[in-house]
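Everything quoted here is computed from the prediction, not taken from an experiment.
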Number of protein chains: 2
Amino acid sequence: MTDKIPELPSERLRMTGLRPTRQRVALAELLFGSGDRHFTAEMVHAEAVQNGVPVSLATVYNTLHQFVQAGLLREVAIEGSKTYFDTKTSNHFHFFFEKDGTLVDIEPADIKVENLPKPPEGTEITRIDVLVRLTPIK
Amino acid sequence: MTDKIPELPSERLRMTGLRPTRQRVALAELLFGSGDRHFTAEMVHAEAVQNGVPVSLATVYNTLHQFVQAGLLREVAIEGSKTYFDTKTSNHFHFFFEKDGTLVDIEPADIKVENLPKPPEGTEITRIDVLVRLTPIK
DNA sequence: CTGTGTGCAAACTCTTTGCATAAGT
DNA sequence: ACTTATGCAAAGAGTTTGCACACAG
């Protein structure tokens, strides 16, 4: 599942120039240990504490942002107050369940965005976000 | 520019069941008086006050949400703390200038989203948001 | 040891709410 | 008059920050 990237969290962290501290290693294990995930800082903090990893919410925020900068995570654009993060950093899109605010990946192969207008003078496209909003039928 | 919809803000408001109060009429004039616009509550408030319309920020928030409910506005999903609103409620997408957080419409004719995977059991697509992120070239 | 990271609490930003006053019909 | 909207200030939610202490190299 994670074979192109070092298994050991401490290795991955070191590669990005982040010191593998207890908290960072523990969070990395949580976040990258089981497939692709979507979460908020609050969720990560709750899960960490629940798993016996004593870490403060402030450190979770710091760490998540450091991971984003390091390219290990990315943020997902959703309206609303909370910031969502995604462990899958490669190009892909999302289903968004309005009912409960959940996200599910859509593989880029499963959707096609074409016919893009050329970006305005002097600008270039850095990314395209697609959010397919879903509600329960009836 | 606005010919399928009553010109008079007070009419539009009445149609939606909102009392045409001073503030609501003034805000409607500001927002719908000049083509399609994108803004935050803060921006609307500043512009209103600047135009001599005495309105509180709380009322701006209330009003914007009422307009959204009435279908006169819609929110735009962007990451970050502030909520953006859009006067264009019909189906369309956006360019997002990361440099300054500005939005520009993309007509649906200018972009094509195809090959959508069918939504999970028991759900249906309510909307598709596409955000094309732009940065200045070098 | 030396420098970076962590935790706590306070600060901050954006948004919502409660309640008395003002305005619409 | 009766009802709904507004404004203010206070409360809330999510996130960031400052600084003393702890830990990694």
### Query
For DNA chain D, which nucleotides open and close the run of contacts to chain A, 5' to 3', at under 4.0 angstrom from a non-hydrogen atom?
D/dG14 to D/dG25
I'd like to check the side chain to side chain contact (heavy atoms under 4.5 Å, CB included) partners of [X]; sequence neighbours left out, ordered by chain and number.
{"X": "B/Glu121", "answer": "none"}
{"X": "B/Arg19", "answer": "B/Thr21, B/Arg24"}
{"X": "B/Val104", "answer": "B/Phe95, B/Phe97"}
{"X": "A/Ser81", "answer": "none"}

### Query
Listed by chain and number, what are the ring-ring contact (aromatic ring centres under 6.0 Å, His included) partners of A/Phe67, not counting sequence neighbours?
A/Phe32
### Task
Output all residues satisfying ring-ring contact (aromatic ring centres under 6.0 Å, His included) with A/His92, sequence neighbours left out; order by chain, then residue number.
A/His94
### Task
Output, in order, the C-alpha distance, side-chain angles, deciding distance and verdict of salt bridge (charged side-chain N to carboxylate O under 4.0 Å, His left out) for B/Arg37 and B/Glu47.
CA-CA 13 Å; B/Arg37 306 188 52 184; B/Glu47 192 175 337; 2.8 Å; yes
### Query
Can you give one letter per nucleotide of nucleotides 11-25 of chain C, going 5' to 3': B for a protein heavy atom under 4.0 Å from the base, S for sugar-phosphate only, - for none?
---SBBB------BS
### Query
For A/Glu75, what residues pass the side-chain hydrogen bond (donor to acceptor under 3.5 Å, both in side chains) criterion, not counting sequence neighbours?
none
### Task
Apply salt bridge (Lys or Arg N to Asp or Glu O under 4.0 Å) to A/Glu124 and list each qualifying residue two or more places apart in sequence or on a separate chain.
none
### Query
If you look only at pairs with a residue in residues 127-138 of chain B, which of them pass as a side chain to side chain donor-acceptor pair (under 3.5 Å), with sequence neighbours excluded?
A/Asp129-B/Arg133, A/Arg133-B/Asp129, B/Glu79-B/Arg133, B/Glu98-B/Arg133, B/Arg127-B/Asp129
### Message
To the nearest 10°, give me the bend of the helix from C/dC1-D/dG25 to C/dT25-D/dA1, comparing the axes of its five terminal pairs at either end.
### Response
30°
